[in-house]
Amino acid sequence: MKRNKIIYWTSTGILSALFMFSAIMYFFNYSYVESAFTSLGFPTWIIYPLATLKLLGIIAILSKKSLFLKELAYAGFLFDALLALIAHLAIGDGEQMPAVIGVIAVTTSWIYDRKVFGKYTQTITKS
């Protein structure tokens, strides 16, 4: 059990640091991010909303207050990392390693979340 917790917290820490760094860069180095998004073919209007959602996703995963929000955050992080990986591979700029790390960290954190905290089930009660 201790091994599972170490793997969970390590992968979740890497995931949190990676997406936190990304969000901070989106806010404070906008011109660089704007040129990167343009070269990847993504719209630039999405930079600030994406940064905000990355911060909220980290909070949702670490707080464990809502299963739905936590699962939504994991899915969003996985889609974000996969799309970044595909985009970087498509243009061949050699910047795909953070995306690869993101995919691995999100997947590992999600799997070990189940092992450490158990599978979650939500029951619907009729009133």
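Index from 1, following the sequence.
- Taking the side chain as every heavy atom from C-beta outward, L15 and I61 approach each other to under 4.5 Å.
- With sequence neighbours excluded, the residues satisfying ring-ring contact (aromatic ring centres under 6.0 Å, His included) with Y30 are Y48.
- Taken from CG in L50 to CG in D80, the straight-line distance is 5.0 Å, to the nearest 0.5 Å.
- In terms of heavy-atom proximity, P43 sits nearest to F37 at O-CD2, 3.6 Å.
- The shortest heavy-atom contact between L55 and M20 is CD2-SD, 3.4 Å.
- Put simply, the side chain of S39 gets close to the backbone of A36: a donor and an acceptor are under 3.5 Å apart.
- Judged by the 6.0 Å distance and 45° axis criteria, K115 is positioned over the aromatic ring of Y112.
- Between A51 and A23 the shortest heavy-atom distance is O-CB, 3.5 Å.
- Formation of a donor-acceptor pair under 3.5 Å by the S11 side chain with backbone atoms of Y8 is found in this model.
- A distance of 11.5 Å separates OG in S109 from CD1 in I7, rounded to the nearest 0.5 Å.
- Of all heavy-atom pairs spanning L83 and F42, the tightest one is O-CZ, 4.3 Å.
- Checked by atom type and distance alone, the side chain of T107 pairs as donor or acceptor with a backbone atom of V103 at under 3.5 Å.
- Of all non-hydrogen atoms in P98 and L18, the two that sit nearest each other are O-CD2, 3.5 Å.
- For T10 against I6, the heavy-atom pair with the smallest separation is OG1-O, 2.7 Å.
- The CD1 atom of I47 lies 12.0 Å from the OG1 atom of T52; values are rounded to the nearest 0.5 Å.
- The number of heavy atoms from other shown groups lying within 6.0 Å of CZ (F27) is above 12.
- The aromatic rings of F77 and F19 sit parallel to each other, their planes meeting at less than 30°, with 60° as the upper class boundary.
- For D93, the side-chain hydrogen bond (donor to acceptor under 3.5 Å, both in side chains) criterion is met by H88, not counting sequence neighbours.
- Note that CG of L40 and CD1 of I86 are 12.0 Å apart. Values are rounded to the nearest 0.5 Å.
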